[in-house]
There are 2 protein chains.
Amino acid sequence: MSQSLQLKNAGLKSTLPRLKILDLFGSGLECHLSADDIYRKLLESGVDVGIATVYRVLTQFEQAGLLVKRHFEGDKSVFELNQGKHHDHIVCLQCGKVEEFYDEIIETRQKTIAAERGFSVNDHTLSIYADCLKADCPNKRQGIV
Amino acid sequence: MSQSLQLKNAGLKSTLPRLKILDLFGSGLECHLSADDIYRKLLESGVDVGIATVYRVLTQFEQAGLLVKRHFEGDKSVFELNQGKHHDHIVCLQCGKVEEFYDEIIETRQKTIAAERGFSVNDHTLSIYADCLKADCPNKRQGIV
DNA sequence: GTTGAGAATGATAATGATTATCATTACCAA
DNA sequence: TTGGTAATGATAATCATTATCATTCTCAAC
């Protein structure tokens with residue numbers, strides 16, 4: 001589906017800032033960007049957008065179901081493409097890389113635990129903060145200290 | 001252990017704001033308070049404290065290992081007594097009540113998942129957002145709409 | 001293709017949570 | 001009791017995010 005059609009379906013006019021922001025998420029899955037990330041990337045690529053527009057568009061995309069907002073450690077929220085299916089996250093404390101996973105055992109267990117305590121699960125967030133053991137992990141933190 | 005001794009052990013002078021803040025967490029476990037909650041409670045009980053002091057003391061207590069900081073949904077952080085052992089949370093979306101739990105199956109499963117993907121787990125946060133089915137849940141949200 | 005109404009944008013002010021500054025005050029060892 | 005130093009509290013500053021509003025852009029109707 002073309003991007004401008006995607007926007008139309010969401011009831012949003014096809015404008016440059018919206019198309020460019022959609023572009024950033026476009027191809028790559030597992031892409032987690034903050035408003036500020038997006039603002040910077042657009043300015044770098046020569047798109048003269050305002051930070052207010054970035055926040056507005058992100059909110060609209062979230063409400064339209066195109067994006068999902070996440071809160072990892074730290075102050076700012078990040079957005080990712082809405083893949084329609086729930087998943088949790090592993091965040092590398094060294095390089096910031098985020099990987100997604102889904103585990104039926106954990107999902108089921110949560111419902112059981114909640115039920116045992118008299119709760120009906122509505123939603124949940126599970127974030128594992130870990131050290132990425134992969135060779136390509138830049139281990140930025142070590143360099144800074 | 002007396003509270004002023006607790007402070008001394010943490011290398012902190014025994015002052016009125018610190019004692020009063022420790023008091024608020026004191027007896028009740030599963031007590032989750034934001035800086036603003038604490039500020040209000042102290043003013044209500046006649047302790048004339050500044051909001052800056054509340055933030056400072058909370059940070060000191062966290063660094064001293066007396067408290068742990070949590071980020072549930074929403075913007076502000078909450079603090080709870082450091083019980084020394086890891087646990088996760090169920091938050092009632094109706095009344096805001098927070099219950100704590102620990103589940104070995106989920107813990108183990110997380111380590112497995114991370115290892116399979118080449119990560120070494122450092123920490124994690126799991127928050128289940130649910131509806132509290134208990135009779136004493138005030139169900140505040142329903143009243144607001 | 002032109003046009004006009006209304007939506008979208010961007011500069012900037014405002015907000016809410018949190019942190020930094022700094023003069024005044026309180027704690028505690030001597 | 002007192003002096004040095006840490007702690008406090010009023011307030012300014014910061015950071016992420018949201019609201020305001022005049023200007024600009026989109027798109028449907030001509």
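Hydrogens, waters and symmetry mates are skipped; everything else that's a heavy atom, side chains included, is used. Naming convention: chains lettered A, B, ... in sequence-line order (proteins, then strands); numbering from 1 in each chain.
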Got a list of protein N/O to nucleotides 4-6 of chain D N/O distances below 3.5 Å?
unit_1 : atom_1 : unit_2  : atom_2 : d
D/dA6  : O4'    : B/Lys13 : NZ     : 3.3

Query raised in the report: Who are the ring-ring contact (aromatic ring centres under 6.0 Å, His included) partners of A/His89, not counting sequence neighbours?
Result: A/His32, A/Phe72, A/His87
Report summary line: DNA chain D nearest-nucleotide lookup for B/Tyr39 and B/Gly11: closer to the 5′ end is B/Gly11
Requested in this report: Nearest whole angstrom, please: distance from the P of D/dC15 to the CZ of A/Arg40.
Outcome: 11 Å
Query raised in the report: Between B/Asp75 and B/Leu16, which is nearer to the 5' end of DNA chain C once each is assigned its nearest nucleotide?
Result: B/Asp75
Report task. Enumerate the residues from residues 49-67 of chain A whose closest heavy atom to DNA chain D is under 4.0 Å, giving them by residue number; use none for an empty result. Result -> A/Ala52, A/Tyr55, A/Arg56
Query - Interatomic distance where CG belongs to A/Asp37 and P belongs to D/dC15 [whole Å] - result: 16 Å
Report summary line: Cluster membership besides A/Ile106, Ile/Leu/Val/Met/Phe/Trp/Tyr side chains within less than 4.5 angstrom, sorted by chain and number, is A/Ile90, A/Phe101, A/Ile113, A/Phe119, A/Val121, A/Leu126, A/Ile128, B/Ile90, B/Phe101, B/Ile106, B/Ile113, B/Phe119, B/Val121, B/Leu126, B/Ile128
Report task. Please confirm whether the backbone N or O of A/Lys13 pairs with a side-chain atom of A/Arg18, one donor and one acceptor, at under 3.5 Å? Result -> yes
**Report entry** Earlier contact from the 5' end, DNA chain C, for B/Ser14 and B/Ser77
**Finding:** B/Ser77
Requested in this report: Show which residues join A/Leu133 in its hydrophobic cluster (side-chain heavy-atom contacts under 4.5 Å, direct or indirect), or state none.
Outcome: none
**Report entry** Ion pair B/Asp36/B/Arg40, N-O distance below 4.0 Å
**Finding:** yes
Query raised in the report: salt bridge (Lys or Arg N to Asp or Glu O under 4.0 Å): which pairs involve residues 112-131 of chain B, sequence neighbours left out?
Result: none
Report summary line: Residue pairs meeting ring-ring contact (aromatic ring centres under 6.0 Å, His included), one or both in residues 39-64 of chain B, sequence neighbours left out, come to none
Could you go over nucleotides 28-30 of chain D and give all protein N or O partners under 3.5 Å, atom names and distances?
none

Report task. Decide yes or no on side-chain contact (heavy atoms from CB on, under 4.5 Å) for B/Thr59 and B/Gln63, but give the supporting numbers first. Result -> CA-CA 6 Å; B/Thr59 302; B/Gln63 286 171 350; 3.9 Å; yes
**Report entry** Which residues share a side chain to side chain donor-acceptor pair (under 3.5 Å) with A/Asp75, sequence neighbours left out
**Finding:** none
Query raised in the report: Step by step, would you call A/Arg70 with A/Phe79 a side-chain contact (heavy atoms from CB on, under 4.5 Å)?
Result: CA-CA 6 Å; A/Arg70 304 281 179 194; A/Phe79 291 79; over 6 Å; no
Query raised in the report: Using a side-chain heavy atom cutoff under 4.5 Å and only I, L, V, M, F, W and Y, what cluster partners does A/Ile105 have?
Result: B/Ile105
Query - Qualifying residues under salt bridge (Lys or Arg N to Asp or Glu O under 4.0 Å), relative to A/Asp103, sequence neighbours excluded - result: B/Arg109
Query raised in the report: NA contact type, A/Asp48, heavy-atom cut-off 4.0 Å: base, sugar-phosphate, or nothing?
Result: sugar-phosphate
**Report entry** Span of DNA chain C, from the first to the last nucleotide whose atoms fall under 4.0 Å of chain B heavy atoms
**Finding:** C/dA17 to C/dC28
Requested in this report: Please lay out, stage by stage, how A/Glu80 and A/Leu33 fare under the test side-chain contact (heavy atoms from CB on, under 4.5 Å).
Outcome: CA-CA 7 Å; A/Glu80 64 175 280; A/Leu33 301 170; over 6 Å; no
Query raised in the report: Across the strands shown, which category fits B/Ser34 at heavy-atom distances under 4.0 angstrom: base, sugar-phosphate, nothing?
Result: nothing
